[in-house]
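Quick note: numbers below take in every heavy atom, side chains included, and nothing from hydrogens, waters or symmetry partners.
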Amino acid sequence: MAVWALGINHTTAPVDLRGRFAFALDQIGPTLRSLRGTLSREPEAAILSTCNRTEIYCAGPQHEMEPTVEWLAHCGGVAPQLVRAHSYLLQDGHAARHAFRVASGLDSMVLGEAQILGQLKDAVRVADEAGALGTTLNQLFQRSFAVAKEVRTSTEIGAHSISMAAAAVRLAGQLFEDLGKIRVLFVGAGEMIELAATHFAARNPKSITIANRTLERGEKVASRFGGEVMRLAELPARLHEFDAVVSCTASQLPIIGLGAVERAIKARRRRPMFMVDLAVPRDIEPEVKALEDVYLYTVDDLAHVVQTGHANRQAAVAQAEAIVDAGVQSFMHWVDQRQAVPLIRQLNAQADEWRALELARARRALARGENVQAVLEALSKGLTQKMLHGAMAELRAGDADARHRATSAIEHFFLRKER
């Protein structure tokens with residue numbers, strides 16, 4: 001049995017390749033059933049998919065690790081060799097360490113960010129609802145949540161970090177002299193858009209508009225910021241109205257195309273347009289980046305912006321890594337103990353069998369009217385003989401090595417002073 005993590009993230013694969021393996025939250029349940037049905041022993045499994053990473057966590061037979069790589073390649077429509085070149089496959093303690101670091105924000109593009117913990121909890125909830133979690137992965141994730149909480153409360157890992165949303169506002173401020181004079185469009189109405197809108201709203205832009213497929217959800221977000229809402233279908237006709245566009249939807253295909261942006265720029269008389277695509281897969285066609293007067297940034301482009309304050313975080317990182325180390329040791333100790341569970345069950349079953357035999361013999365003796373004290377003596381003697389029979393037989397073995405091993409074991413299990 002093994003625990004393993006297979007994943008691609010912002011450090012191993014470009015955004016377009018990551019987009020091939022992105023799963024919306026409502027897709028994860030069916031995807032887990034596909035994964036487990038493909039593998040021969042249906043291992044425990046969970047899938048974490050965010051804009052910066054897709055990771056598969058499994059617990060099961062070790063020989064299922066390589067088929068997991070092949071399954072992921074098939075899902076993305078690429079060769080297994082390409083997945084191997086841009087992914088990591090970690091086992092047991094290394095997999096646990098990775099899970100704990102991810103939950104704690106130590107493996108994030110934005111070091112110490114807290115959003116990943118909520119995303120991981122969502123992934124675990126969906127896996128549990130799909131019946132894909134078992135004892136081992138449940139322990140792994142519950143311990144990862146505990147480690148993340150300790151890191152968050154015991155260190156300042158997130159104190160000096162800048163979020164992706166804040167980075168977008170910072171870049172917009174480099175393009176526009178006064179953010180109070182710009183019109184901002186947010187495409188989507190999810191958690192990342194709410195976060196981005198919060199940061200932009202703090203700079204009091206001229207207007208905020210939310211474009212979403214469903215007006216009800218869009219209105220809920222827009223009302224928080226005194227903004228207006230529009231249908232996604234209106235986007236091509238109204239794109240030219242906005243100076244800044246931030247998009248993050250779960251669409252599997254781009255929703256803002258090159259032609260729409262070209263028409264918008266023409267209508268704007270070449271006034272610059274700031275665009276941020278926080279979605280994976282992309283919401284905005286990558287060819288847009290080549291247009292004059294358009295400043296398009298993806299999640300990968302924001303990486304260098306969010307790495308500020310690196311020196312200030314080093315002490316907190318060292319503290320956090322020490323907490324992770326302790327968590328890994330504790331989890332692997334639990335895993336090692338789990339290896340003995342079958343033997344413990346066999347031992348308990350054997351002891352129960354002996355106890356049942358002696359109890360049945362004692363009950364028959366009492367039914368015949370035999371003396372209670374004598375029956376109890378016979379019961380205890382019978383149990384003692386059954387428990388010591390194997391040890392005595394080994395001590396009487398003709399093989400000297402066998403007797404020596406038996407002597408050491410008996411002294412260890414039966415004759416220790418502290419017992």
Evaluate the criterion salt bridge (charged side-chain N to carboxylate O under 4.0 Å, His left out) for residue pair Asp128 and Arg125; output intermediate values, then yes/no. CA-CA 5 Å; Asp128 189 36; Arg125 174 181 54 79; over 6 Å; no
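Residue pairs meeting the salt bridge (charged side-chain N to carboxylate O under 4.0 Å, His left out) criterion with at least one partner in residues 80-95, sequence neighbours excluded, are Glu66-Arg84. Screening residues 244-267 for salt bridge (charged side-chain N to carboxylate O under 4.0 Å, His left out) gives no qualifying pairs among residues at least two apart or on separate chains. Residue pairs that meet the salt bridge (charged side-chain N to carboxylate O under 4.0 Å, His left out) test with at least one member in residues 51-63, sequence neighbours left out, are Arg53-Glu55, Arg53-Asp107. Within the structure, ring-ring contact (aromatic ring centres under 6.0 Å, His included) pairs that include any residue of residues 223-255 do not occur (at least two apart or interchain). Listed by first then second residue, pairs satisfying ring-ring contact (aromatic ring centres under 6.0 Å, His included) with a partner in residues 107-153 read Tyr57-Phe141, not counting sequence neighbours. The salt bridge (charged side-chain N to carboxylate O under 4.0 Å, His left out) pairs that include a residue from residues 210-223 are Glu194-Arg217, where partners are two or more places apart or lie in different chains.
Residues satisfying the salt bridge (Lys or Arg N to Asp or Glu O under 4.0 Å) criterion with Asp178, sequence neighbours excluded, are absent altogether. Every residue was checked against the ring-ring contact (aromatic ring centres under 6.0 Å, His included) condition with His199, not counting sequence neighbours, and none meets it. With sequence neighbours excluded, the residues forming a ring-ring contact (aromatic ring centres under 6.0 Å, His included) with Tyr88 are His98, listed by chain and number. For Phe21, there are no ring-ring contact (aromatic ring centres under 6.0 Å, His included) partners two or more places apart in sequence or in a different chain. Not a single side-chain hydrogen bond (donor to acceptor under 3.5 Å, both in side chains) links Arg363 to another residue, sequence neighbours left out. The side-chain hydrogen bond (donor to acceptor under 3.5 Å, both in side chains) search around Arg238 returns Glu241, not counting sequence neighbours.
By the 4.5 Å heavy-atom criterion applied to side chains, Trp71 and Ile56 are counted as neighbours.
The existence of a salt bridge linking Arg270 and Asp293 is confirmed by a sub-4.0 Å separation between a basic side-chain nitrogen and an acidic carboxylate oxygen.
For the 3.5 Å distance criterion, the side chains of Gln119 and Thr50 fail to qualify, holding no donor opposite an acceptor. A donor-acceptor contact closer than 3.5 angstrom links the side chains of Asn9 and Thr11. Side-chain polar atoms of Glu64 and Ser40 form a donor-acceptor pair below 3.5 angstrom.
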